[in-house]
Amino acid sequence: MCTAALQISRLSVINLNFPSGRPAWSISLILATVFLSRARSPASRQDTKYLGSFGKAWAVTMLLLLRAEEAKAACVDGEYKVPGGCEWCPLGTYSFGGGSTRCYDCLAGTYSTKTGLGQASACLDCPAGTYSTVSGAADSANCTLCAEGLYSTASGADSEVFCKQCSGGTYSNTAGLSSSSDCIYCSAGTYSTVSGMVESSNCDLCAAGSYSSASGLTRASSCQLCVSGTYSSASGVSSLSSCLSCMAGKFSTSSGAISSTTCNACLAGTFSTVSGAIDSKNCSVCAAGTFSTASGSSSSFACSLCSAGRFSSGVGAISSSACGACISGTYSTVSGASSSAACEACLAGTYLQTPGASSPTSCLLCIAGTYSNNSGGSTCSQCVRGKYSSSPGSSSSTTCILCVSGTYSTALGIPASALCISCAAGRYSSSEGATSISTCSLCLAGTFSTLSGAPSSSTCSLCFSGTYSNVQGAVSSSTCTKCSAGSYSSTEGAASAASCMACVAGTFSIDSGAVSSASCSSCLAGFYSTVSGASSSSTCSLCIAGTFSSVNGASSATICNKCVAGSYSTGSGSTNSSSCTLCINGTYSTSLGAGASSFCSRCHPGTYSTAAGDDGRRRNFMKLMNDLLKEQRQLLLTRKYLTPGSSTLVEVVQRYP
C-alpha cells in the first residue's frame, strides 16, 4: 500500500502531455478522489489505516492543488471551456479572450461556414440584395433575397427594411437586386405612381384619349391628350398617330376624346363635308322648304323636300313636322312649298278634318245629320239635340227636323227619325224636339203604362180599388200591390199603403185586396181583440176565467163582465153570467171576477154562514154577535164555543175543568 501511495505521489508531479498540451491534472484529481472515498468506507479502513494522518493530509492537499491548477488553465480564441478541456466553437459562432465558457452567435446579417472563429469580424456579411434576421447562421442559405420589386445596396443587412422599393415608373420581377438601376422602366404608353411594382402589368396604361412616347413615367398627367377633332379608344397608346380624326358630318371641341361618340354629330337640319372638324360652324343648314331628320349628315342630299300638302318657310328644319301642314279644310298639290299660300279651301257642304291634304278629293261631303254653310270648313255642324236630318251634303241648318212628341234625342247630328228615342213604358211626353229623357214625365204613383213613346198622361192607367202603388213610372199592373189582410181600400189609383184602412179592433180580415169594411169579420161573444188591422181570428182573445161577454166584436177586455162577489168562474170565453158559480155555505168572497173556488174563503173562527154566495164577513159577524149576546150566559155555563166554518152551534170541548 505504501508503494501505491508513493506512485500516486509521483503521478501528481508528472506532466502527461495530451494533444492539447496541458498537464494531466484531471488524472491526479481522479486518483485523490478515489483514495478519500475508500478511506471513509468501513470496509476499506484496514487497508488505509497504515497511511495515518499523513496520507489523508496528502490527498486533501492534492485535491486543492489540482483544483487551483485547473482554475488557472484558459482556452484560446475560437474555443470555449468544457469539463476536462476546451472545444472549438461550432459553425455560426465565435469566442474571444481566454477562459470563455461559451461561444457567441454570429450577428443577424452575418454567417460562418467555419468552426473555431476567434472574433465577430470573422463572421461573413450577407451580400447586397439580401438580409438575414437569424443570428448564429451557419451558411449563406440563411441570407434571404430581397423580394421582387425591391433592392438593397447594403451588405450584412439584418432586416427586410434594408430592401428598398423600386421607385414609381419602374418595376422588377427579379429577387435579390443590389441596385436601383436594376429596376426596369415602364414602357412608352404606360406609367406607374406606385413603388415596388413586380411586373410590367403593374404599370398603368395611359388612358384612352391620351398617349405617351416616353418610358418611365411616374404620373398619369405625363400622358398627352389627343387634340380636338380626334379621339382614341385604345389605352396605352405610344404615338400621336393613334388619335383618329372625326369623320365628315361630325366635329369635336374636346381634347382627350376616348371614342367616336365624343365626336358631336352636326345637328338634324344641317350637314358638313369636312372631316376632323373642331367646330360646329362647319355644319351648313338645310334650305327653306326642306328638312333633315338625321344628325351627322355629310351631304346636302340629306335635306328632304316637304311633301305636297305641307310647307316650310324656315331654314335648318330638323323633321317633317317642321313642314307646316295645310290647315284642316284646305289642301295643296305642290311639294316643297315654302308658303301657306299654296293651300286651297274646300267647298261649302264639304269638310276636311285632316291637315296636310294633298288633293281636292280629300274634301268629304257632310254626312246626314250635319251641314256646312262655309267653304274651307274642317268640320260639319251637327243638327242640334232633338232634331235630325237625312240629307247628306247639306249646306244649311234648315234641313234639321224636330223629333215628334213622345220621343227625344240627346245626341247631336242624328241622321234619321228612327234615332229619336221613344219615352219608355211608364212615361209620356207632349213636347216636340225634346232633348232629354227628363222631358219624359213619369206616370204618377198609383198608375201605370205599358206603352212606349206615349204622347200624353192619359195613357197612364189607375190601380184598382183594394190595391196601391208607390212606384212612379210603373210599366205594369203587377206593380199595384194588394192591401194586406186585415185592411181594405175603396180608392182607385191609391199611391201608398196608407190608403189601405185597417179593420177596427174587435174585427179581422183574412183576405188581401179587400175593397170595403164589410170584409172585416167580428170576434165572437166571449172573445175580444185590441188589435186593429188583424188578419186572423187568432188575434181574438178569450174572456178570462171569472168573466163573461155576450157582445160580438168586443174591442177591449173591459167588455168582459166580472162575476159578482160571492161567486166565481173557472172557464174562459164565457158568454153569460150563468157561468158564475156561488161560493158554498160557510164560505164567502169579496172579489169581483174570481177565477177559481180558491177565492171563496172560510168564515173566520167564531162566525158562520148558512147561505151560498155570501159576499162579505161583516153581515155574518154582526148577526153572530147578537146571537152570542143572547146566549152569553148559557155559553159561559156550558163552556162551549163555535168552531171555524160552522153553520150551527156545536158543543166541541170543555176548555176548563
Side-chain angles (χ1 to χ4, degrees), residues 228-229 231 245-254 257 259-367 370-382 392-393 412-413:
S228 300
Y231 66 93
S245 296
C246 292
M247 63 183 181
K250 296 188 177 184
F251 65 93
S252 174
T253 60
S254 301
S259 74
S260 60
T261 59
T262 59
C263 295
N264 299 311
C266 288
L267 299 177
T270 66
F271 63 93
S272 173
T273 59
V274 179
S275 61
I278 62 173
D279 198 320
S280 61
K281 293 179 180 179
N282 294 108
C283 301
S284 303
V285 295
C286 290
T290 65
F291 66 93
S292 173
T293 58
S295 59
S297 297
S298 59
S299 171
S300 61
F301 293 107
C303 301
S304 303
L305 294 173
C306 291
S307 62
R310 294 180 174 271
F311 63 93
S312 173
S313 58
V315 296
I318 63 174
S319 73
S320 60
S321 62
C323 296
C326 288
I327 61 173
S328 299
T330 65
Y331 64 93
S332 173
T333 59
V334 179
S335 60
S338 60
S339 171
S340 62
C343 301
E344 301 181 42
C346 291
L347 299 175
T350 65
Y351 72 99
L352 179 57
Q353 291 182 325
T354 306
S358 60
S359 171
T361 59
S362 300
C363 301
L364 305 175
L365 290 174
C366 291
I367 61 173
T370 65
Y371 63 92
S372 174
N373 52 16
N374 295 317
S375 61
S378 60
T379 60
C380 296
S381 301
Q382 295 176 315
L412 297 171

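Since the model is a prediction, treat every value here as computed from it, not as a measurement. Values below: all heavy atoms of this structure, side chains included; hydrogens, waters and symmetry mates excluded.
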> How would you list, by chain and number, every residue that makes a side chain to side chain donor-acceptor pair (under 3.5 Å) with Ser260, sequence neighbours excluded?
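With sequence neighbours excluded, Ser260 shows a side chain to side chain donor-acceptor pair (under 3.5 Å) to no residue whatsoever.
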
> Excluding sequence neighbours, so at least two apart, what forms side chain to side chain donor-acceptor pair (under 3.5 Å) with Thr379?
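So Thr379 forms no side chain to side chain donor-acceptor pair (under 3.5 Å) with any residue.
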
> Measure the shortest side-chain to side-chain distance between Cys246 and Phe251 over non-hydrogen atoms and say whether it is less than 4.5 angstrom.
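Answer no - side chains too far apart.
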
> Let me confirm one number: the OH-CD distance from Tyr371 to Gln382, rounded to the nearest 0.5 Å.
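Interatomic distance, Tyr371 OH to Gln382 CD, rounded to 0.5 Å: 10.0 Å.
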
> Applying side chain to side chain contact (heavy atoms under 4.5 Å, CB included), run through Ser375 and Leu347 and close with a yes or a no.
CA-CA 5 Å; Ser375 61; Leu347 299 175; 5.6 Å; no

> Taking all non-hydrogen atoms of both residues, which atom of Arg310 and which atom of Ala337 are closest, and how far apart?
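That would be O-CB, 3.6 Å.
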
> Rounded at 0.5 Å granularity, tell me how far NZ in Lys250 sits from OG in Ser297.
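So the gap between those two atoms works out to 11.0 Å.
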
> Provide the closest heavy-atom pair for Ser378 versus Tyr351 in the form atom of the first, atom of the second, distance.
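Between these two residues, the closest heavy atoms are O-CD1, 3.7 Å.
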
> Is any side-chain heavy atom of Ile367 less than 4.5 Å from a side-chain heavy atom of Pro392?
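The answer is no; the side chains never approach within 4.5 Å.
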
> Look up atom CE in Met247 and atom OG in Ser298, then write down how far apart they are to the nearest 0.5 Å.
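So the CE of Met247 and the OG of Ser298 are separated by 8.0 Å.
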
> Would you mind writing out the side-chain donor-acceptor pairs for residues 354-361 within the sub-3.5 Å range, not counting sequence neighbours?
unit_1: Ser359; atom_1: OG; unit_2: Thr361; atom_2: N; d: 3.3
unit_1: Ser359; atom_1: OG; unit_2: Thr361; atom_2: OG1; d: 2.8

> What's the separation between atom OG1 in Thr293 and atom CD1 in Ile318, rounded to the nearest 0.5 Å?
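One finds 9.5 Å between OG1 of Thr293 and CD1 of Ile318.
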
> Does Ser332 reach the main-chain N or O of Ala342 with its side chain, forming a donor-acceptor pair under 3.5 Å?
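Yes, because the side chain of Ser332 sits within donor-acceptor range (under 3.5 Å) of the backbone of Ala342.
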
> Pick out which of Cys283, Cys303, Ser280, Ser284 makes a side-chain contact (heavy atoms from CB on, under 4.5 Å) with Thr270.
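The option that passes is Cys283.
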
> Considering residues, nucleotides and ligands other than Leu412, do more than 12 of their heavy atoms fall under 6.0 Å from its CG?
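Yes, enclosed.
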
> For residues Ser312 and Cys323, report the shortest heavy-atom separation together with the two atoms involved.
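Ser312 and Cys323 have their closest heavy atoms at CB-CA, 4.1 Å.
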
> What verdict does the side chain to side chain contact (heavy atoms under 4.5 Å, CB included) test give for Cys306 and Phe311, after you've listed the backbone C-alpha separation in whole Å, the side-chain angles of each residue and the deciding distance to 0.1 Å?
CA-CA 6 Å; Cys306 291; Phe311 63 93; 6.0 Å; no

> How about Ser319 and Ser321: does a side-chain donor come under 3.5 Å of a side-chain acceptor?
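Yes.
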
> Determine whether Ser228 and Thr253 satisfy the following criterion, side chain to side chain contact (heavy atoms under 4.5 Å, CB included), listing intermediate values before the conclusion.
CA-CA 5 Å; Ser228 300; Thr253 60; 5.6 Å; no

> Contact between Phe271 and Ser300 at the side-chain level, heavy atoms closer than 4.5 Å - yes or no?
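Side-chain contact under 4.5 Å: yes.
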
> Atom CD in Gln353, atom SG in Cys380: separation rounded to 0.5 Å?
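Gln353 CD to Cys380 SG: 8.0 Å, rounded to 0.5 Å.
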
> Using a 6.0 Å cut-off, check whether atom CD1 of Ile327 has over 12 heavy atoms from anything other than its own residue.
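Not more than 12 within 6.0 Å, no.
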
> Measure the shortest side-chain to side-chain distance between Ser307 and Ser335 over non-hydrogen atoms and say whether it is less than 4.5 angstrom.
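Of all side-chain heavy-atom pairs linking Ser335 with Ser307, none is under 4.5 Å.
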
> What is the minimum heavy-atom distance between Ala287 and Val315, and which atoms define it?
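Residues Ala287 and Val315, closest heavy atoms: C-CG1, 4.2 Å.
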
> Looking only at heavy atoms, what is the nearest atom pair of Thr262 and Ser252, with distance?
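Minimum heavy-atom contact is O-OG, 3.7 Å.
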
> Show the nearest heavy-atom pair for residues Ala277 and Asn282, with the distance to one decimal.
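Nearest heavy atoms, Ala277 then Asn282: CB-OD1, 3.7 Å.
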
> How long is the gap from CG on Asn264 to CD1 on Ile278, to the nearest 0.5 Å?
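The CD1 atom of Ile278 is 13.0 Å from CG of Asn264, to the nearest 0.5 Å.
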
